[in-house]
Number of protein chains: 2
Amino acid sequence: MNPTIHDVARLSKTSKSTVSRYLNGQPVKKRTEETLKAAIKELGYHPNVNARRLVKNSTQTIGVVVDDISNNFYSGILRGIEKVANLHNYQCVYYNGVSHRQGEFGFLNLAHERQVDGLILISFLKRSPELFEKIKDLSMPVALIGDGGEGIRDHGLLSVDVNNEHGIKEIVHYLNRIGHKEIAFIAGPDEFSATSQRITGYKKALKELGLTLQPSWIVPSDWSKEGGYKAMSELINKGGMTAVIASNDETAIGALLCTHELGFRVPKHFSIAGFDDIEVSSWVYPPLTTVKQPLYQIGIEATEGLVKKMKNKEAPLQGRRLIEPNLVVRDSCMNLL
Amino acid sequence: MNPTIHDVARLSKTSKSTVSRYLNGQPVKKRTEETLKAAIKELGYHPNVNARRLVKNSTQTIGVVVDDISNNFYSGILRGIEKVANLHNYQCVYYNGVSHRQGEFGFLNLAHERQVDGLILISFLKRSPELFEKIKDLSMPVALIGDGGEGIRDHGLLSVDVNNEHGIKEIVHYLNRIGHKEIAFIAGPDEFSATSQRITGYKKALKELGLTLQPSWIVPSDWSKEGGYKAMSELINKGGMTAVIASNDETAIGALLCTHELGFRVPKHFSIAGFDDIEVSSWVYPPLTTVKQPLYQIGIEATEGLVKKMKNKEAPLQGRRLIEPNLVVRDSCMNLL
DNA sequence: ACAAGTTATGCAAGCGCTTTCCCGAAACTT
DNA sequence: AAGTTTCGGGAAAGCGCTTGCATAACTTGT
């Protein structure tokens, strides 16, 4: 059996309370401190986490809900979360399920059965209002990653997302700086909040630059390589553009493929840019100019906010935090000047 | 405050003991069962995990030690582990650190400070004998993923790995079936146990097929794309082979790149095969013929073994388990017949 | 040197559950 | 119907820790 606090007290001829207080950083006499330290070392004592958690009424656990845990895209975020959680002596428990769809609230188990101290919900889909109700009922600190929905402020939650609008703007501006005026856009699926934000960014940037918006140059797609392929072939049929921005890298890679198969060259005939900066973006030919999503950073910030709230229930920090993505210039866009 | 077992007892006019027994599946009278069920429902009662864990003296936690948690290669394994762990109501806590190097035993914290019930060590590097000593001292169920080292059997551990030797044999045989007789091999770095196993598979397969082994056709590399590029250019200089097997997909993709850049075509001038079946293998041109590592399955099996041991300390299951990888034929190898 | 103030320490209760022990009720036996 | 066995349920102890309260041990000021 492992030594208990009682053993330490006996060996050091003090009491359990003193040992406990010493372990929790409360002041003790120099002499007692030394005796205690010696006793703890001799016994190889480590406080029992279960006992401690029982009295403190906390599991030291953060519940993390991910739409699709097998999607590698999320792993950067998860690493960020783990990092901060561990730093503050929390552990994470993952729940793989949809946190957005109507009536899909299986993740509430984490709160009731696992009794987590706080929750991080990751989903880039638009969230239902019902979700916010459920969250409020939990009366537990919750951080949202991805779409914060409308009710962030009203509901007193923390939400972290990437600044999609700004990210796309950066690419458009960059393309324009290197001489492009005819820029098309391959959008993502409607259910994602990022989709409309990125479209907005695209439109606003065109306006800022005084370029005319061709509605037919915004073609919807589905984040997939195949979708990108199809969208690109449509665009090539329409013709007229010198550059194409895809809503994510996978789509961009599909577009790349299509372009090549139709006998065109990138960036000679078409400049193509992506969004996300996934690992393979630098592997394809030509290496993709894209916008890096600071996923790790997003995970970090959400968790830091959550932890602060968990440690101090009165903490005020809330609201929407937008992380700035940054442009990664590689070789898939040609300088026309 | 949340309802406690005491509240349930009072509301149902029974005692804490009865409630507890009912919750733990022990027999109760039909009538009591109904009263209890009703009371539990009415109160929305959920047993407090901390209290339960305290008396059971178990954290219901598995410690998972990964060499490099940011390496996406591991995520399949981790998903398998999480899956089984959750199924059995365990949660995982990750430790990102080297579990192999001399003197690097930071992961022991998991055992002492976090008080995990069991440990899974993931590393494909060769393990030091010292590691096995440390593990034995823990007197805690431990499963190894990757190199099991020598002492598996002596130390009574469970070890799960992929059958590297067999995987490479399969490719060689496949290549031979489609007419290849001159097959070169790009090996991985020495520190990995898989490296020697794969080389062995390569050599044995050649022997089985009566092909002559050209020592200079085994060129060492470092798992990286750049390494693959370099190795391939060496091989092309030497010349004479019709096919090249790379020790992993990333290397194979580097080799692919090199081949193209030197003006050759795959699979026309060289057939190239990989190992792992990472996501991008099907994205490159031509899609890579490779051997799929059943990472998810590896995670599953290791965890199942561990859980069995944790639930029943007397469980005998131990030893080395080898999971069979399987050939994935795509377009990077040409049929010469 | 002594009262008053300050700080360190010990005692005991209690966190919410499981489990042993024992008793009373029900189910069997004859 | 009385005696024997079986079994469900209650009381209480205990898991290892924290913490409020009371007391003991030091400081400090005069």
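In what follows, chains are A, B, ... by sequence order, proteins preceding strands, each numbered from 1. Keep in mind the model is a prediction, meaning the values are calculated, not measured. All values below were derived from every heavy atom in this structure, side-chain atoms included, with hydrogens, water molecules and symmetry-related copies excluded.
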Nucleotide [N], atom [atom2] - distance to [atom1] of [X] in whole Å:
X      : N      : atom1 : atom2 : value
B:R31  : D:dG8  : CZ    : C1'   : 13 Å
A:R53  : D:dT19 : CZ    : C1'   : 20 Å
A:N24  : D:dC17 : CG    : C1'   : 9 Å
A:Q115 : C:dC15 : CD    : C1'   : 13 Å
A:Q60  : D:dT18 : CD    : P     : 12 Å
B:I5   : D:dG9  : CD1   : P     : 14 Å
A:R52  : C:dG14 : CZ    : C1'   : 18 Å
A:L23  : D:dT18 : CG    : P     : 7 Å

**Asked** Would you say A:T18 reaches C:dG10's phosphate, i.e. side-chain N/O to OP1/OP2 under 4.0 Å?
**Response**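 Checking C:dG10 against A:T18, a side-chain N or O does come within under 4.0 Å of OP1 or OP2.
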**Request:** May I ask you to evaluate whether A:S20 reaches the phosphate of D:dT18, defined as a side-chain N or O under 4.0 Å from OP1 or OP2?
**Result:**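 The answer is yes; a side-chain N or O of A:S20 sits under 4.0 Å from OP1 or OP2.
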**Message:** Quick check on the helix from C:dA1-D:dT30 to C:dT30-D:dA1: what's the angle between its two end axes, five base pairs per end, to the nearest 10°?
**Reply:**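 It works out to 20° between the end axes.
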Using a heavy-atom cut-off of 4.0 Å across all strands, would you classify [X] as base, sugar-phosphate, or nothing?
X     : result
A:T4  : sugar-phosphate
B:R21 : base
A:K56 : sugar-phosphate
B:N48 : sugar-phosphate
A:Y22 : nothing

**Message:** Assuming nearest nucleotide by heavy-atom distance, tell me which of B:K29 and B:H46 is located more 5' along DNA chain C.
**Reply:**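 Looking at DNA chain C, the more 5' nearest nucleotide goes with B:H46.
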**Asked** In terms of the nearest nucleotide of DNA chain D, which residue is placed more toward the 5' end: B:T32 or B:L54?
**Response**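 Counting from the 5' end, the first nearest nucleotide belongs to B:T32.
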**Prompt:** Is the closest basic N to carboxylate O distance between B:D137 and B:K134 below 4.0 Å?
**Reply:**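 Between B:K134 and B:D137 there is no salt bridge, as every charged N stays at least 4.0 Å from the carboxylate O atoms.
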**side-chain contact (heavy atoms from CB on, under 4.5 Å) evaluation trace for A:Y45 with A:L23** = CA-CA 11 Å; A:Y45 170 77; A:L23 291 170; 3.6 Å; yes
Could you tell me the separation between the [atom1] atom of [X] and the [atom2] atom of [Y], rounded to the nearest 0.5 Å?
X      : Y      : atom1 : atom2 : answer
A:T303 : A:I298 : OG1   : CD1   : 11.0 Å
B:Y90  : B:S58  : OH    : OG    : 5.5 Å
A:E113 : B:N89  : CD    : CG    : 7.5 Å
B:R10  : B:S15  : CZ    : OG    : 13.5 Å

**Asked** Under the side-chain contact (heavy atoms from CB on, under 4.5 Å) criterion, do A:F73 and A:D68 qualify, and how do the steps go?
**Response** CA-CA 9 Å; A:F73 181 77; A:D68 174 12; over 6 Å; no
**Prompt:** Hey, is the side chain of B:S17 pairing donor to acceptor with the base of D:dA11 inside 3.5 Å?
**Reply:**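 Answer yes: a donor N or O sits under 3.5 Å from an acceptor.
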**side chain to side chain donor-acceptor pair (under 3.5 Å) partner of B:D117, chosen from B:T59, B:N57, B:T61** =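 Option passing the side chain to side chain donor-acceptor pair (under 3.5 Å) with B:D117: B:T59.
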